[in-house]
Amino acid sequence: MILEHIFHLRENRTSVRRELIGGLTTFLAMSYILAVNPELLGSAGMDKTAVFTATVLAAIGGCLLMGLVANFPVALAPGMGLNAFFTYTVVQEWHIPWQTALAGVFVAGILFILLTLSKLRDKLINLIPSALKYAVSAGIGLFIAFSGLQTSGIIVADKSNAVALGNLHNPTVLLAIFGIIVGIMLVTANVTGGIFWGMFITAAVGMIFGIIPLPSGIVSGVPSVQPLFGQAITHIGNINSFQMIIVILTFFIIGLFDTSGTLVGVATEAGMVDKESGEVKGVGKALFSGALATTLGSIFGTSPTTAYVESTSGVAVGARTGLSSVFVAVLFAIAAFFSPVLTVITSAVTASALIIVGILMLSNVQYIDWTKFEIAVPAFFTMIMMLLTYSISEGLAVGFIFYPITMTVKGRWREVNALMWTMMVVFILYFAFVA
């Protein structure tokens, strides 16, 4: 049997049926990205329908790579947080054209590929303090949750207090609040694909009450990706500033954290961690697949592609091999024909997804040792500055600057490695001459 030969189903104590159910479960849990990614990157001036197709292609490519090359039950798609950084910081705040930003994603992907092919991979991951890794993840959670509250109008700008509560009599704001409540209820009740169904119900209610216009159709041909395809390569020459180096470093570091952390988490859930050595079986191929997926995704025209923690939902119902990831790729391919539905996915609809994912990412704060002030300070500044500066990279930079300082004052300077000292200098130069 071909599937047995490729995926070693019996060895992993699974079956085609279990992998299919696992793949379907994972797809439903992460399918919100098909609506959220075009909405976010569309705010960067990119064609929304083309972003939809690029998202589909990046997910298909990433899932096939993870399934066929690494035989890992992990699905990939453009990552939450990284797409927000792409839009709100790189394009809107720093005024970098989206084409150049895509080139930055491409270069970060190449660096990721080179890292996975070298022996430096595990060393580099381990050189970043765990507390900062968790703080970055939690900070991104706060960031995207705030962006969901802001774009939906629940939180608005205020001259006196910087931010304030929006107009609660506005039908669009009320729809967003309704969607958040429904989404939270579904996820709390452990409903499979709760985020997706929450968005579906919100969109339906919006159409029923005339808040959201009805779509022109349901099924259509796949939108052209031509407006975005290849822009990452043709604009590499525009990477000629220190600011773009910071962009690439941010894409690279966060992508590395995101992918490696998710792979370890899913592997632990699936029982793929060697009990004696603690190593994850096949993690090298899995990281390579993630790196290649980011590079391909940038060529298609989307922000970095990464492993989805929602894959644990598929593992929970039995997925153990890359066959489940292949099934997810097939489901994304089918979804490509439903692009007209995108018109009903407004910021009021996507707010619940951004907030719920933000809450889930914030759970990483539990792994930070808040009793040690020298650790708590850089972790705190990483998270709070991401939110208050509305910039993921600047929050990361502040945290990386404080870590060597507090550790040195505490007498733990020997625990600060050369990479962290180097990053501190780089980010100080960034604030001095670029920010």
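S347 contributes a side-chain N or O that, together with a main-chain N or O of T151, makes up a donor-acceptor pair within less than 3.5 Å. For the pair N364 (side chain) and L362 (backbone), a donor-acceptor distance under 3.5 Å is absent.
Aromatic ring orientation, Y32 versus Y308: tilted (interplanar angle from 30° to 60°). Note on ring orientation: taking the six-membered ring where Trp is involved, the planes of F252 and F112 are perpendicular (angle over 60°, cut-offs 30° and 60°). Relative ring orientation between W197 and F200 is described as perpendicular, the plane-to-plane angle rising above 60° on a 0-90° scale split at 30° and 60°.
Considering only heavy atoms from C-beta on, T294 comes within 4.5 Å of T305 through its side chain. Contact annotation: the side chain of Y390 approaches that of F143 to within less than 4.5 Å [non-hydrogen atoms, C-beta and beyond].
Applying the 6.0 Å contact sphere to CZ of F427 captures more than 12 heavy atoms from other residues, nucleotides or ligands.
Of the inter-residue distances, the one linking S289 atom OG with L68 atom CG reads 9.0 Å to the nearest 0.5 angstrom. Note: I236 CD1 to L102 CG = 11.0 Å, rounded to the nearest 0.5 Å. Rounded to the nearest 0.5 Å, atoms CE (M244) and CG (N240) are 9.0 Å apart. For the atom pair CD1 of I375 and CE of M407, the computed distance is 4.5 Å after rounding to the nearest 0.5 Å.
Under the rule for a salt bridge (charged side-chain N to carboxylate O under 4.0 Å, His left out), the partners of R412 that lie at least two apart in sequence or sit in another chain are E374, E415.
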